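Read the structure below first, then the notes.
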Amino acid sequence: HYSGLEEAVYRNIQACKELAQTTRTAYGPNGMNKMVINHLEKLFVTNDAATILRELEVQHPAAKMLVMASHMQEQEVGDGTNFVLVFAGVLLELAEDLLRMGLSVSEVSYILITVIEGYEKACKKALEILPDLVCCSAKNLRDVEEVASLLHTSVMSKQYGNERFLAKLIAQACVSILPDSGHFNVDNIRVCKIVGAGISASSVLHGMVFKKETEGDVTSVKDAKIAVYSCPFDGMITETKGTVLIKNAEELMNFSKGEENLMDLQVKAIADSGANVVVTGGKVADMALHYANKYNLMLVRLNSKWDLRRLCKTVGATALPRLTPPTLEEMGHCHSVYLSEVGDTQVVVFKHEKEDGAISTILIRGSTDNLMDDIERAVDDGVNTFKVLTRDKRLVPGGGATEIELAKQITSYGETCPGLDQYAIKKFAEAFEAIPRALAENSGVKANEVISKLYAVHQEGKKNVGFDIEAEAAAVKDMLEAGVLDTYLGKFWGIKLATNAAVTVLRVDQIIMAKPAGGPKPPSGKKDWDEDQND
């Protein structure tokens, strides 16, 4: 018989194990895709753990702890969410084994505290060992070839087979907008998805691309001077209503002519200021369009205020709230603005010739929307990896090499610890085996054979050897030579957050849900029963 505490802990662990098992089969380049249909009945086909978790509605409170840890990893590093889930799930599974091995029922809470202390000690030790496992550092983040080689691993896990091509695109986009200060903003890499062709037709543009058509007759401008307006491109509307009494045809002609002259003057003033491209955030009136064509102004309409802000950032313009002629400081500049056709989709391109623009756009081509969404997620992971490298250039070997080395060293550390927590420390070390095990299982190779080979090689002192995914049998190779590298910060935060989540779940002995109490509902009655009828 379980005690109440033991029952609660087992239930929590079971929920977390089921969640971790869902994403475990999606781990690594050979991970299987999941078909997720969210509450809006939108279909996602992906092996990206962050997307799967975002679209799943996890109900169990303990499992939500793992989801929150995974979201934290997404915010902190932008990649490695599946690592957190798999590792935390295995930690809880092994904690359950320790509980089942445990002593009599009365000592369950004592065993739990021992397990928690052991895990925390082991986590601290793992984070101390991790800097010694660094195999290399990024030397020059402005070299496209070097950056592309460092992004291979993160892109490979989402788009196995296309990683070289995509990593090169991402590297070109990131390097072109990396400021001198080194403070890289992920939001400055935009993605524009256009159905058609194939992945290999994707490209990078220095500037911005909008899936829009131009409003007027002018479709291409070189050496563009851009006026940006957040208001509609239309005549001024008075704040109060006015009544105009017209007695004859001449007055009617004069009235409409006055409006036309006013519009003519406004558009002419904009053209005279030197602007040759007008971008507006509202509707474009027919009369204003006529005068824009008369003065050879290119007109682009953007409905999204976010797009308008990003464009201002790209071209260095100031968005004006009224149709006033822009000053030289308020005008934006770029090499060319033109209407182009990609596939059968019309796009407006704001292009910088020099690679010093504030924003770069990756134009993704693909046969289906689902495929392009998945490529976009791979691009996001690559861009986030680049941002992590601007913060910390250190890299550790991938392919399970780091995990096996940590497992080996933490097992040795557990041997030296007196007391019961040594069992928890050894189980923590064993949990690291889950990563190469998941890689092997998803590649269709015997996991136990891979892990024994890895341990054998690491005992000889070869720290950088990991699982060879491309071999047909259980094989290992040097990850540094193969170029399979993970970021140091990604591993650091992954281990820390997974341990914190597992320990938090183990500390829970009761889940108390705030719900309305049972029993009959109170009578509703009339709202105004106490009011006098005569009133």
Side-chain angles (χ1 to χ4, degrees), residues 9 13 83-84 86-104 107-135 396-440 446-467 474 476 479 486 488 491-492 494-507:
V9 171
I13 290 173
F83 173 84
V84 173
V86 171
F87 189 53
V90 174
L91 283 176
L92 289 166
E93 202 172 319
L94 295 173
E96 186 181 13
D97 291 350
L98 286 173
L99 279 173
R100 289 195 192 283
M101 279 166 48
L103 315 163
S104 62
E107 292 173 333
V108 172
S109 54
Y110 173 67
I111 301 167
L112 272 173
I113 289 164
T114 312
V115 171
I116 289 166
E117 281 177 2
Y119 276 4
E120 284 174 343
K121 268 189 193 175
C123 177
K124 192 178 174 189
K125 185 69 180 172
L127 299 180
E128 282 173 22
I129 298 167
L130 201 58
D132 301 334
L133 306 186
V134 172
C135 60
V396 293
T402 306
E403 284 79 9
I404 288 291
E405 187 59 32
L406 283 168
K408 188 191 97 179
Q409 293 199 31
I410 290 169
T411 305
S412 307
Y413 168 66
E415 301 285 354
T416 64
C417 293
L420 282 173
D421 53 8
Q422 64 171 292
Y423 296 109
I425 291 170
K426 286 179 188 169
K427 287 288 185 191
F428 189 92
E430 194 185 318
F432 278 115
E433 292 175 12
I435 302 304
R437 190 180 291 278
L439 289 172
K446 288 177 183 170
N448 288 342
E449 211 175 310
V450 170
I451 285 167
S452 59
K453 280 190 178 180
L454 284 172
Y455 271 125
V457 177
H458 279 255
Q459 288 297 346
E460 295 168 17
K462 296 175 182 172
K463 291 181 181 178
N464 298 339
V465 174
F467 170 53
V476 295
M479 292 289 119
D486 286 330
Y488 169 81
K491 278 278 180 282
F492 177 89
I495 294 167
K496 197 170 184 176
L497 292 168
T499 311
N500 285 351
V503 164
T504 309
V505 171
L506 288 174
R507 284 190 195 276

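In this chain, residues are counted from 1 in sequence order. Owing to the predicted nature of the structure, the values given are computational and were not obtained by experimental measurement.
We find the CG-CG distance between Asn500 and Leu91 to be 11.0 Å, quoted to the nearest 0.5 Å. In this structure, Thr411 OG1 and Leu406 CG are separated by 10.0 Å, a value rounded to the nearest 0.5 Å. Thr416 OG1 to Ile425 CD1: the interatomic distance, rounded to the nearest 0.5 Å, is 7.5 Å. Note that CG of Leu497 and OG1 of Thr504 are 10.5 Å apart. Values are rounded to the nearest 0.5 Å. Taking OH of Tyr488 as the start and CG of Leu130 as the end, the distance is 5.0 Å to the nearest 0.5 Å. The structure places CD1 of Ile410 at 10.5 Å from CD of Glu403, a figure rounded to the nearest 0.5 Å.
When side chains are defined from C-beta on, Asn448 does not count as touching Ser452, because their heavy atoms never get closer than 4.5 Å. The closest side-chain heavy-atom distance from Glu460 to Val465 is not below 4.5 Å. Leu112 places a side-chain heavy atom less than 4.5 Å from the side chain of Val9. Between Leu506 and Ile13, some side-chain heavy-atom pair lies under the 4.5 Å cut-off. Lys463 is not listed as a side-chain neighbour of Cys135, based on a closest heavy-atom distance of 4.5 Å or more. Looking only at side-chain heavy atoms (C-beta outward), Ile404 and Ile435 stay at 4.5 Å or farther from each other.
No side-chain donor-acceptor contact under 3.5 Å links Thr114 to the backbone of Asp421.
The nearest pair of heavy atoms linking Lys491 to Val396 is CG-CG2, 3.8 Å. The two residues Ala424 and Leu98 make their nearest non-hydrogen contact at CA-CD1, 3.8 Å. Nearest heavy-atom pair across Ile451 and Glu433 is CD1-O, 3.8 Å. Nearest heavy atoms, Val450 versus Ala440: CG2-CB, 3.9 Å. Listed here is the closest heavy atom pair of Ala88 and Ala498: CB-O, 3.7 Å. Nearest heavy atom pair, residue Ala95 against residue Val115, reads CB-CG1, 4.0 Å.
Summarising the local packing, OH of Tyr413 is surrounded by more than 12 heavy atoms from other residues, nucleotides or ligands at distances under 6.0 Å.
Listed by chain and residue number, Lys17, Arg100 satisfy the salt bridge (charged side-chain N to carboxylate O under 4.0 Å, His left out) test with Glu96 (two or more places apart in sequence, or in another chain). Annotation: salt bridge (charged side-chain N to carboxylate O under 4.0 Å, His left out) contacts of Lys496 (sequence neighbours excluded): none. Considering only residues two or more places apart in sequence or on other chains, Phe87 meets the ring pair (Phe, Tyr, Trp, His ring centres under 6.0 Å) condition with Phe83, Phe428, Phe432.
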Check against side chain to side chain contact (heavy atoms under 4.5 Å, CB included), Glu128 and Lys124:
CA-CA 6 Å; Glu128 282 173 22; Lys124 192 178 174 189; 4.0 Å; yes
